[in-house]
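Here is how names work: the chains are called A, B, and so on, in the same order as the sequence lines, proteins then strands, and each is numbered from 1. The figures that follow rest on heavy atoms only: side chains count, while hydrogens, waters and symmetry mates do not.
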Number of protein chains: 2
Amino acid sequence: MGDTSGAGEPTLEEQIAAYQREFQDLDPQVEKIVSALSRLNRRMNVAYGRQTAELGIGNTDWEVLKALVLSGAPYCLGPGDLAKRLGLTPAAMTHRIDRMVTEGLVTRERDETNRVRVIVAITAEGREKWLAAMRLATVFEEDLLQDLSADERTALGEVLTRLLRRVEHAQPDAGGRLSDLD
Amino acid sequence: MGDTSGAGEPTLEEQIAAYQREFQDLDPQVEKIVSALSRLNRRMNVAYGRQTAELGIGNTDWEVLKALVLSGAPYCLGPGDLAKRLGLTPAAMTHRIDRMVTEGLVTRERDETNRVRVIVAITAEGREKWLAAMRLATVFEEDLLQDLSADERTALGEVLTRLLRRVEHAQPDAGGRLSDLD
DNA sequence: CCTTCGAACTTTAGCTTCTAAGTCTTCAGT
DNA sequence: ACTGAAGACTTAGAAGCTAAAGTTCGAAGG
């Protein structure tokens, strides 16, 4: 009946108007950028989540597979290395690896040259799942950017990396754990 | 020793190079944008998390306070409405409200005109915390965008809303629950 | 040679936050 | 009054994390 677009999520414009109403010293231009970034990312995460769910793996599995593949040949790392790269504690890593071993995505075995160490390696199945997820992701990403010209893409990439540099310089390597799905 | 920048997070450039190495049919320009978006958002979430933690509230509390304030006067909603806006189940909402009532951020009472309904209202303390969080957030956001000229900000806002429109049109209102911190 | 120290991983216990399913209360219509 | 539907709460349980203690092994020093 009203005009508040029901009970769901307000539109970006509605939300910015509400912010200005409740908090005067707010630059609407800044807020527009920040809110759009945030929403965009949420939508992307939802899309990625759906895609990985279709493949029968979780977002957490996907993160680990990504780290292993991007580490390069021979595609294996220790739990400690993985934990550092993913920004979580060794204990959490142990649990993830437990699950992923039973799911057949990775193997875990002791390093025979130094029996304190453990080697986590991606399996053929894990690699295939990663590839399949990447294919789905690139389709989604291409579609997302479809309306942008080559020049606009270049400009956007440049501006975003500039912002990123700024924020990474400010907080050098906080091990935060939120939506590491890049 | 090496050049892999230690065990922490790889740089954006390193990561894109690794992607290209492991997955050929990938447009580096697209990947640059997507990865930068993702990282930027993670950093922002970490920053917001720190700020709210300084104020003694959690991100989940912050989300609820935001929904209440942005709903406008008289700054109260039912648990069901809140659940819809935040994209979670009524049961989860009950738990959040329980906690926030004990923390003094909101009040919960029955609606005397319709005793099935419950009214969750923000308290003075809750409102102050929200304001304080907003002040911190705007400082951070201004700093983040400091290097961008007015024209660049306009252009960035325009491009991002264009992307957002595209993705929101594609998945109309998925109730996904990831990083709703805008 | 033996001991001790430290590093790397795992285990245990507990926390937070979510969902699903069932229950209770209250309003509205017959 | 009775019944049905709606709204919120309760209970049980899953997923994921952390902190701290425990285990196992390699290496350095007596």
Side-chain angles (χ1 to χ4, degrees), chain A residues 7 42 45-46 49 52-53 56-64 76-103 105-121 174-181, chain B residues 7 42 45-46 49 52-53 56-65 67 76-103 105-121 174-181:
Chain A
R42 180 151 46 86
N45 286 341
V46 169
T52 52
I57 63 179
N59 276 344
T60 59
D61 298 336
W62 160 251
E63 280 184 303
V64 175
C76 55
L77 292 169
D81 292 333
L82 278 169
K84 265 179 223 147
R85 295 192 190 221
L86 300 181
L88 31 85
T89 61
M93 206 60 239
T94 295
H95 297 318
R96 280 202 190 184
I97 295 168
D98 285 348
R99 182 165 35 76
M100 292 179 70
V101 167
T102 70
E103 290 168 346
L105 299 172
V106 299
T107 60
R108 167 162 50 189
E109 50 188 66
R110 303 210 84 92
D111 182 348
E112 288 306 326
T113 71
N114 179 345
R115 295 182 47 73
V116 166
R117 291 183 170 281
V118 170
I119 298 175
V120 177
R177 289 302 315 126
L178 290 167
S179 74
D180 191 8
L181 297 165
Chain B
R42 181 152 44 87
N45 286 341
V46 169
T52 52
I57 62 179
N59 276 345
T60 59
D61 298 336
W62 160 250
E63 279 184 303
V64 176
L65 294 179
C76 55
L77 292 169
D81 292 333
L82 278 169
K84 266 179 222 146
R85 295 192 191 222
L86 300 181
L88 30 86
T89 61
M93 207 59 238
T94 296
H95 296 318
R96 279 202 191 184
I97 295 168
D98 284 348
R99 183 166 33 75
M100 291 180 71
V101 167
T102 70
E103 291 167 347
L105 299 172
V106 299
T107 59
R108 167 162 50 189
E109 51 188 64
R110 304 210 83 92
D111 181 348
E112 287 307 326
T113 71
N114 179 345
R115 294 184 48 75
V116 165
R117 291 185 169 281
V118 169
I119 297 177
V120 177
R177 289 302 314 124
L178 289 167
S179 74
D180 191 8
L181 298 165

- Message: Taking B:Asp61 first and then B:Arg99, would you say they form a salt bridge - that is, a charged N and a carboxylate O separated by under 4.0 Å?
- Response: yes
Between CG of B:Leu88 and C1' of D:dA14 the distance, given in whole Å, is 17 Å
Atom CG of A:Asn114 and atom C1' of C:dA7 are separated, to the nearest Å, by 9 Å
Taken to the nearest whole Å, CZ/B:Arg115 to P/C:dA28 is 13 Å
ask   = Would you say B:Asn45's side chain and B:Arg42's backbone share a donor-acceptor pair under 3.5 angstrom?
value = no
Contacts of B:Ala121 meeting side-chain contact (heavy atoms from CB on, under 4.5 Å) (sequence neighbours excluded), chain-then-number -> B:Cys76, B:Thr107
From CG of B:Asp111 across to C1' of C:dC27 the rounded distance in Å is 12 Å
Sorted by chain and number, sequence neighbours left out, salt bridge (charged side-chain N to carboxylate O under 4.0 Å, His left out) with A:Arg110 holds for none
When rounded to whole Å, the CG to P distance for the pair A:Leu82 and D:dC17 reads 13 Å
Rounded to the nearest 0.5 Å, the CG atom of B:Leu82 sits from the CD1 atom of B:Ile97 at a distance of 5.5 Å
In whole angstroms, the gap separating P of C:dC18 from CG of A:Asn59 amounts to 17 Å
B:Met100 atom CE is separated from C:dT16 atom C1', nearest whole Å, by 15 Å
Within the pair A:Thr89 and D:dC17, is there a side-chain N or O less than 4.0 Å away from OP1 or OP2? no
CZ of A:Arg117 to CG of A:Leu77, rounded to nearest 0.5 Å, is 11.0 Å
For nucleotides 4-13 of chain D, 5' to 3', base contacts (B), sugar-phosphate-only contacts (S) and non-contacts (-) with protein non-hydrogen atoms under 4.0 Å give ---SSBBB--
